[in-house]
Amino acid sequence: MAHDEGLAETLRSDLAAVPELREIAMFGGLCFTSRGNMVCGTFRDQGLYRVGKAQVPRALSLPHTGPMTLGERTMGGFVTLDPDGFADDTLREHLTRLALAFVATLDPK
């Protein structure tokens, strides 16, 4: 399944100020990286955020979020944001901040 270009464009706008931002096709969607590390992306018709394992419970307490699963496997450190939540600028901004804070702790690739 191709990624949703509308979601991708929203993420591009959300991440406009992020240095060294790159786009990579991944997970059947589009992934945005900073310094070589994934920050967020699109997955099917959802947003996907890499918040780190420690922040997953906090992120999952937010409305419209869920665990990121591929088949039967839950991907640790990632949460999804459903289309209704993706329309909420404040919610997206919060998840983007969590993801950027986590990625800032990682070494560049």
Side-chain angles (χ1 to χ4, degrees):
M1 171 186 278
H3 72 271
D4 182 314
E5 187 56 34
L7 296 181
E9 192 56 41
T10 299
L11 288 175
R12 284 184 193 105
S13 177
D14 290 348
L15 300 167
V18 175
E20 299 181 50
L21 188 68
R22 304 271 189 270
E23 296 181 23
I24 301 168
M26 186 180 291
F27 299 129
L30 191 63
C31 152
F32 293 86
T33 67
S34 175
R35 301 175 331 148
N37 293 294
M38 181 177 180
V39 176
C40 61
T42 64
F43 180 67
R44 299 183 179 126
D45 66 341
Q46 303 174 333
L48 175 63
Y49 294 84
R50 184 181 187 190
V51 298
K53 289 180 181 180
Q55 291 297 326
V56 165
R58 179 177 177 190
L60 289 177
S61 73
L62 299 170
H64 304 288
T65 60
M68 197 295 196
T69 57
L70 285 173
E72 302 269 330
R73 182 175 176 193
T74 298
M75 306 300 288
F78 293 87
V79 296
T80 58
L81 182 62
D82 71 29
D84 289 337
F86 203 83
D88 183 333
D89 294 344
T90 303
L91 181 54
R92 247 186 12 262
E93 180 181 325
H94 186 71
L95 288 169
T96 300
R97 278 195 313 263
L98 285 175
L100 287 170
F102 173 69
V103 169
T105 69
L106 302 174
D107 291 331
K109 290 185 176 178

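Residues M68 and Y49 form no side-chain contact, since every pair of their non-hydrogen atoms from C-beta on lies 4.5 Å or further apart. Annotation: side chain of C40 is in contact with side chain of L15 (closest heavy-atom distance under 4.5 Å). Side chains of T80 and M75 form no contact here, defined as non-hydrogen atoms less than 4.5 Å apart.
Among pairs with a residue in residues 53-74, none fulfils salt bridge (charged side-chain N to carboxylate O under 4.0 Å, His left out), at least two apart in sequence or across chains.
R35 meets the side chain to side chain donor-acceptor pair (under 3.5 Å) test with no other residue; sequence neighbours excluded. In terms of the side chain to side chain contact (heavy atoms under 4.5 Å, CB included) criterion, residue partners of V56 (sequence neighbours excluded) are, by chain and number, V51, L60, V79. For the side chain to side chain contact (heavy atoms under 4.5 Å, CB included) test, residues two or more places apart in sequence or in another chain that qualify with L7 are D4, T42, F86. Every residue meeting the side chain to side chain contact (heavy atoms under 4.5 Å, CB included) condition with D84, not counting sequence neighbours, appears here in chain and number order: H64, D82. Residues forming a side chain to side chain contact (heavy atoms under 4.5 Å, CB included) with R97 (at least two apart in sequence, or on another chain): E93, H94. Remark: D89 pairs with R92 by the side chain to side chain donor-acceptor pair (under 3.5 Å) rule, at least two apart or across chains.
Distance CD/E5 to OG1/T10: 9.5 Å, rounded to 0.5 Å. One finds the CG atom of L11 at 8.0 Å from the CG atom of L30 (value rounded to the nearest 0.5 Å). From L62, atom CG reaches atom CG of L81 across 9.0 Å, with rounding to the nearest 0.5 Å.
Hydrophobic clustering places L70 together with M26 (ILVMFWY residues linked when any side-chain heavy atoms are closer than 4.5 Å, directly or through intermediates).
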Side chain to side chain contact (heavy atoms under 4.5 Å, CB included) between L48 and M38, worked out: CA-CA 10 Å; L48 175 63; M38 181 177 180; 3.5 Å; yes
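Counting all heavy atoms, side chain and backbone alike, P19 lies closest to S34 at O-OG, 3.2 Å. Of all heavy-atom pairs between D88 and L91, the closest is OD1-N, 3.0 Å.
With hydrogens and angles disregarded, no donor-acceptor distance shorter than 3.5 Å links the side chain of S13 to the backbone of E9.
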Donor-acceptor pairs under 3.5 angstrom involving side-chain atoms of residues 101-109: please list them, not counting sequence neighbours.
residue : atom : partner : partner atom : Å
T105    : OG1  : F102    : O            : 2.5

